[in-house]
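Take a look at the structure below.
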Amino acid sequence: MGNVDRSLLLYPPAKVNLILKIFDRLPSGYHSLWSFMQTIGMTDELTVRVSDAFEGIRFDCSEKALSSPTGNLAYRAAELVLRRAGVSMGVDLKLVKGIPVEAGLGGGSSDAAATIMGLNRLLCLGWTNGDMAALGQALGSDVPFFMEAPTAVVHGWGQRITPKTLEGVRWIVLVNPGFPINTGQAYRHLDEMRRAVPPLPEALQSVEHASSVSWSRILDRMENDFEAALFGDYPVLADVKKTLLGMGAEGALLSGSGATVFGVFREQAEAIRAKGAFARTPKYQVAVVPSLHHGVLAQP
């Protein structure tokens with residue numbers, strides 16, 4: 001490749017788990033799970049540039065906690081792509097975080113997926129969504145979802161994705177209490193607390209077989225197995241959920257392994273009013289965003 005210098009500006013979106021069931025730990029160390037996942041209108045901003053003027057990966061991140069390349073999923077995704085493609089090129093990554101870190105919103109996984117998708121396009125690799133998902137699953141169980149976003153049921157350890165259509169739009173109030181919850185610790189706590197792992201309920205099996213699902217059907221089934229494991233140690237999360245429901249949310253839930261709790265509202269005005277209920281707690285990060293009908297967006 002001679003005189004190559006191309007770049008893409010990508011907007012990796014956050015996600016919420018509208019349903020999250022956790023099953024047994026697998027030999028790989030991951031847990032088997034079943035989740036109904038949906039992208040929402042909160043994004044990071046990722047610039048991916050490829051060049052033959054240098055080799056290796058340059059990385060810059062607005063979040064100091066993520067500035068170590070080896071600890072950042074976007075950097076590790078770029079390493080994986082170059083290794084798998086057998087390409088010696090320069091990759092320049094600039095990441096501006098808009099999604100809170102360790103918040104249960106999938107920001108790091110979305111960044112990794114966007115990196116793989118961006119490099120696939122810039123390097124003309126011709127990989128399918130399935131190819132990219134297979135590569136991404138080595139980085140984390142949420143990464144493959146973003147290849148098939150905006151809406152999907154995720155099975156296994158995240159490697160089996162069944163895209164869905166979620167009819168209509170809802171407004172999501174995100175309340176992050178200002179502290180992170182480490183995903184690994186959340187899983188360990190859940191394992192210690194449970195004596196038995198129940199099978200997937202029949203109501204969720206019917207959701208799995210439907211190609212298109214209404215919000216009302218999902219709202220009736222919202223649950224997250226992590227709540228029982230985490231609310232005792234973090235009672236503020238239960239308080240946030242109670243407040244959101246009291247402000248008229250159709251449903252409220254911990255997203256992923258937390259610490260973000262979200263409420264689902266039919267109208268934007270209702271969501272904005274609910275956001276105001278948290279205005280007196282300055283350490284909270286609160287946002288109102290719509291559900292999305294797309295996944296990662298890219299601009300040349």
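In what follows, residues are counted from 1 in the order of the sequence shown.
- By the 4.5 Å heavy-atom criterion applied to side chains, Glu102 and Ile181 are not counted as neighbours.
- Between Leu135 and Trp127, some side-chain heavy-atom pair lies under the 4.5 Å cut-off.
- Summarising the geometry, atom CD1 belonging to Ile218 is positioned 9.0 Å from atom NZ belonging to Lys164; distances are rounded to the nearest 0.5 Å.
- Listed here is the closest heavy atom pair of Ile116 and Gly136: CD1-CA, 3.8 Å.
- Taking each heavy atom of Lys15 and Gly256 in turn, the nearest pair found is NZ-CA, 4.0 Å.
- Side chain of Thr115 to backbone of Ala77: no donor-acceptor contact under 3.5 angstrom is found.
- Residue Leu245 is not grouped with residue Ile172 when hydrophobic side chains (ILVMFWY) are merged at heavy-atom distances under 4.5 angstrom, including chains of intermediate members.
- Within the model, atoms CD of Glu270 and CZ of Arg170 stand 10.0 Å from one another, a figure rounded to the nearest 0.5 Å.
- When atom types are taken as modelled, the side chain of Thr260 and the backbone of Ala103 share a donor-acceptor pair closer than 3.5 angstrom.
- Hydrophobic cluster membership differs between Val87 and Phe54, with clusters built from Ile, Leu, Val, Met, Phe, Trp and Tyr side chains linked at under 4.5 angstrom.
- The closest donor-acceptor contact from the side chain of Glu227 to the backbone of Leu254 lies under 3.5 Å.
- Judged purely by atom type and a 3.5 angstrom limit, Thr281 has no side-chain atom pairing as donor or acceptor with the backbone of Lys283.
- Linking Ile, Leu, Val, Met, Phe, Trp and Tyr whenever their side-chain heavy atoms come within less than 4.5 Å puts Leu80 and Phe59 in one cluster.
- Checking side-chain atoms of Ser32 against main-chain N and O of Ile22 turns up no donor-acceptor pair under 3.5 Å.
- Separating the OG atom in Ser7 from the CG atom in Asp92 is a distance of 9.5 Å, to the nearest 0.5 Å.
- Counting heavy atoms of neighbouring residues, nucleotides and ligands inside a 6.0 Å radius, atom CZ of Arg84 does not exceed 12 of them.
- Between Asp233 and His189 there is a side-chain heavy-atom pair separated by less than 4.5 Å.
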Check the pair Trp34 / Leu20 against side chain to side chain contact (heavy atoms under 4.5 Å, CB included), numbers first and verdict last. CA-CA 6 Å; Trp34 190 102; Leu20 179 57; over 6 Å; no

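- Considering Ser212, Ser216, Ser214 in turn, Ser212 is the only one that fulfils the side-chain hydrogen bond (donor to acceptor under 3.5 Å, both in side chains) rule with Glu167.
- With Gln205 contributing its side chain and Leu200 its backbone, the two residues share a donor-acceptor pair below 3.5 Å.
- The closest side-chain donor-acceptor pair between Ser257 and Thr183 falls under 3.5 angstrom.
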Give the C-alpha distance, both sets of side-chain angles, the deciding distance and a yes or no for side chain to side chain contact (heavy atoms under 4.5 Å, CB included) between Lys241 and Phe231. CA-CA 10 Å; Lys241 177 173 178 173; Phe231 278 10; 4.1 Å; yes

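- Contact check for Ile57 versus Glu79: side-chain heavy atoms found under the 4.5 Å cut-off.
- Put simply, the side chain of Val261 does not reach to within 4.5 Å of the side chain of Ser255, judged on heavy atoms.
- One N or O on the side chain of Asp131 and one on the backbone of Thr128 form a donor-acceptor pair closer than 3.5 Å.
- No side-chain heavy atom of Phe145 sits less than 4.5 Å from a side-chain heavy atom of Ser109.
- Using a 4.5 Å heavy-atom cutoff, the side chains of Val91 and Leu82 are in contact.
- Taken to the nearest 0.5 Å, the CG atom of Leu244 stands 11.0 Å off from the CG atom of Asp239.
- Linking Ile, Leu, Val, Met, Phe, Trp and Tyr whenever their side-chain heavy atoms come within less than 4.5 Å puts Leu8 and Leu95 in one cluster.
- If you chain together hydrophobic residues whose side chains sit under 4.5 Å apart, Val296 and Leu73 fall into the same group.
- Looking only at distances, no side-chain donor or acceptor of Arg49 sits under 3.5 Å from a matching main-chain atom of Arg6.
- A pairwise comparison of heavy atoms in Val264 and Phe262 identifies CG2-CE1, 3.8 Å as the closest pair.
- Applying the ring pair (Phe, Tyr, Trp, His ring centres under 6.0 Å) rule to Phe226 yields the partners Tyr187; only residues at least two apart in sequence or on another chain are considered.
- Between Ala252 and Met222, the shortest heavy-atom contact is N-CE, 3.8 Å.
- For the atom pair Glu223 CD and Arg221 CZ, the distance stands at 10.5 Å (nearest 0.5 Å).
- The CG atom of Asp5 sits 8.0 Å away from the CG atom of Asp52 when rounded to the nearest 0.5 Å.
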Might you work through the side chain to side chain contact (heavy atoms under 4.5 Å, CB included) test for Leu174 and Met42, ending with a clear yes or no? CA-CA 10 Å; Leu174 300 167; Met42 173 181 276; 3.7 Å; yes

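- Checking Thr162 against His155 by side-chain atom types alone, a donor-acceptor pair falls below 3.5 Å.
- No side-chain donor from either of Asp24 and His31 sits under 3.5 Å from a side-chain acceptor of the other.
- Between Ile161 and Pro163, the closest heavy-atom pair is O-CD, 3.6 Å.
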I would like to know whether Lys97 and Asp44 meet salt bridge (Lys or Arg N to Asp or Glu O under 4.0 Å); could you show each step before the answer? CA-CA 5 Å; Lys97 291 295 292 179; Asp44 288 342; 2.6 Å; yes

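- Heavy atoms only, all atoms of each residue included: Pro198 and Phe23 are closest at O-CE2, 3.4 Å.
- With sequence neighbours left out, the salt bridge (Lys or Arg N to Asp or Glu O under 4.0 Å) criterion links Arg194 to Asp225.
- A donor-acceptor contact shorter than 3.5 Å links the side chain of Asn129 to the backbone of Met147.
- Put simply, the side chain of Lys94 never gets that close to the backbone of Glu45: no donor and acceptor are under 3.5 Å apart.
- In this model, a donor atom of one side chain and an acceptor atom of the other lie less than 3.5 Å apart for Arg217 and Ser206.
- Side-chain contact check for His294 versus Thr39: every heavy-atom pair is 4.5 Å or farther apart.
- Side chains of Glu250 and Trp215: a donor-acceptor N/O pair is absent below 3.5 angstrom, by distance only.
- Gln38 and Thr151 share a side-chain donor-acceptor pair at under 3.5 Å.
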Report the C-alpha distance between Val48 and Leu93 in whole Å, list the side-chain angles of each, state the deciding distance to 0.1 Å, and finish with yes or no for side chain to side chain contact (heavy atoms under 4.5 Å, CB included). CA-CA 5 Å; Val48 182; Leu93 301 174; 3.9 Å; yes

